[in-house]
Amino acid sequence: MSTWTRDDDKLFEHGLVLYPENIADRWQLIADHVPGKTPDDIMAHYDDLVHDVFEIDSGRIEPPSYTDDPVELEGDCQISFGSNKKNNEIERKKGTPWTEEEHRLFLIGLEKYGKGDWRSISRNVVISRTPTQVASHAQKYFIRQQAMKKERKRSSIHDITTAVDTKPVPPQSSFQNQRGSQNFNFTV
DNA sequence: CATAGGGTTATTG
DNA sequence: CAATAACCCTATG
């Protein structure tokens with residue numbers, strides 16, 4: 001087992017987000033990116049990382065079939081779009097979708113640095129995203145977590161954590177809420 | 001065609 | 001700077 005320092009980890013993650021997952025010699029490239037590491041070490045470390053992410057995700061959301069990542073590549077190697085000075089025409093905010101890698105890295109950074117440290121996460125782990133993007137992604141992620149958790153359990157006593165579940169945004173749904181606190185029934 | 005999903009921008013603490 | 005809300009676009013039924 002090779003020792004993985006923070007610097008190595010950082011370089012590893014950088015190489016991970018740098019090279020896409022379609023290429024075969026990805027580990028070779030990443031190993032070349034991180035000095036003093038072999039592709040086997042890289043692979044082992046990546047496996048550990050995936051395992052960690054799986055541990056995080058288990059119990060919260062059901063993991064889809066992610067044995068392989070059949071991401072379609074349409075030549076979107078450039079992620080940065082914010083600093084375009086030569087925009088004569090009004091460029092629509094395209095909104096770059098997050099990849100599996102970025103999400104995994106986000107989860108890792110979330111577990112490492114804790115929630116709220118978007119600046120550190122963006123600077124150390126998810127380099128391809130700005131802190132604002134990371135925060136936005138986190139927001140959507142947690143919203144989705146809550147939504148599917150609510151959908152799954154429907155109502156339980158264990159929903160009560162410390163405070164009453166304040167539901168600020170009731171969508172157009174007429175299913176029973178938890179504990180019968182507030183029922184929003186709307187008619188079309 | 002309506003709505004849920006996902007990303008960015010704006011507002012507030 | 002982070003948390004939250006609002007806005008907007010796209011995919012999907």
Side-chain angles (χ1 to χ4, degrees), chain A residues 6 10 13-14 16-18 20-22 50 53-54 56-66 68-155 159-178 181-188:
Chain A
R6 282 309 274 270
K10 206 156 112 177
E13 285 153 357
H14 186 260
L16 200 66
V17 77
L18 193 62
E21 30 192 326
N22 304 68
V50 167
V53 172
F54 188 80
I56 294 170
D57 267 8
S58 63
R60 313 209 153 198
I61 60 175
E62 53 177 74
S65 58
Y66 78 104
D68 233 326
D69 284 286
V71 284
E72 64 271 27
L73 189 61
E74 302 178 70
D76 51 345
C77 291
Q78 46 189 4
I79 312 179
S80 59
F81 70 101
S83 42
N84 273 357
K85 307 173 184 177
K86 303 179 180 178
N87 268 357
N88 300 336
E89 297 299 321
I90 37 179
E91 189 78 15
R92 298 291 181 188
K93 286 98 181 185
K94 186 177 147 191
T96 325
W98 280 56
T99 68
E100 311 286 327
E101 301 290 306
E102 287 176 313
H103 186 61
R104 281 197 263 263
L105 288 169
F106 158 73
L107 288 175
I108 292 299
L110 190 68
E111 281 295 303
K112 271 188 178 177
Y113 290 92
K115 180 180 177 179
D117 229 344
W118 316 124
R119 189 170 55 89
S120 299
I121 291 177
S122 166
R123 190 162 285 279
N124 297 306
V125 189
V126 197
I127 312 174
S128 54
R129 296 287 177 171
T130 67
T132 318
Q133 290 177 303
V134 173
S136 171
H137 186 69
Q139 183 185 24
K140 297 300 182 181
Y141 174 68
F142 287 124
I143 284 177
R144 177 154 242 287
Q145 297 292 93
Q146 298 287 337
M148 67 173 30
K149 186 182 297 182
K150 194 166 299 180
E151 170 105 15
R152 183 175 181 177
K153 305 206 306 184
R154 194 74 71 127
S155 70
D159 274 342
I160 310 170
T161 54
T162 48
V164 189
D165 187 22
T166 57
K167 193 179 178 186
V169 45
Q172 294 88 337
S173 305
S174 55
F175 48 73
Q176 289 90 341
N177 278 346
Q178 66 282 5
S181 311
Q182 295 170 340
N183 271 12
F184 291 97
N185 271 352
F186 85 110
T187 56
V188 291

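Below, read A as the first sequence line, B as the second, and so on, with proteins coming before strands; counting in each chain starts at 1. Reckoned from all heavy atoms, side chains included, excluding hydrogens, waters and symmetry mates.
At distances below 3.5 Å, at least one donor-acceptor pair connects side-chain atoms of A:Gln133 with backbone N or O atoms of A:Thr130.
Separating the OG1 atom in A:Thr96 from the CZ atom in A:Arg129 is a distance of 5.0 Å, to the nearest 0.5 Å.
Put simply, CD on A:Gln145 is 16 Å from C1' on B:dA4, counting in whole angstrom units. Rounded to whole Å, atom P of B:dG7 lies 11 Å from atom CZ of A:Arg144. Rounded to whole Å, atom C1' of B:dG6 lies 11 Å from atom CZ of A:Arg129. The CD1-P distance, from A:Ile143 to C:dA6, rounds to 12 Å in whole Å. Counting to the nearest Å, the P atom of B:dG6 and the CD atom of A:Glu100 are 11 Å from each other. Going from atom NE2 of A:His103 over to atom C1' of B:dG6 covers 12 Å, rounded to whole Å. Summarising the geometry, the separation between NZ on A:Lys115 and C1' on C:dT4 is reported as 11 Å, rounded to the nearest angstrom. Between the NZ atom of A:Lys140 and the P atom of B:dA4 there is a distance of 13 Å, given to the nearest Å.
An OP1 or OP2 oxygen of B:dG7 is reached within less than 4.0 angstrom by a side-chain nitrogen or oxygen of A:His137.
Under the rule for a ring-ring contact (aromatic ring centres under 6.0 Å, His included), the partners of A:His137 that lie at least two apart in sequence or sit in another chain are A:Trp98, A:His103, A:Phe106.
Considering only side-chain atoms of A:Trp118, the nucleotide from B:dG5, C:dA2, B:dT9 that sits closest is C:dA2. Of the candidates C:dA6, B:dT9, C:dA2, C:dA2 carries the atom nearest the A:Arg119 side chain, counting heavy atoms from C-beta on. Distance from the side chain of A:Asp117 is smallest for C:dA2 among the nucleotides B:dT9, C:dA2, C:dC7.
A:Gln139 contributes no side-chain N or O that forms a donor-acceptor pair with the base of C:dA3 under 3.5 Å.
Taking a cutoff of 4.0 Å between a charged side-chain nitrogen and a carboxylate oxygen, A:Lys112 and A:Glu13 qualify as a salt bridge.
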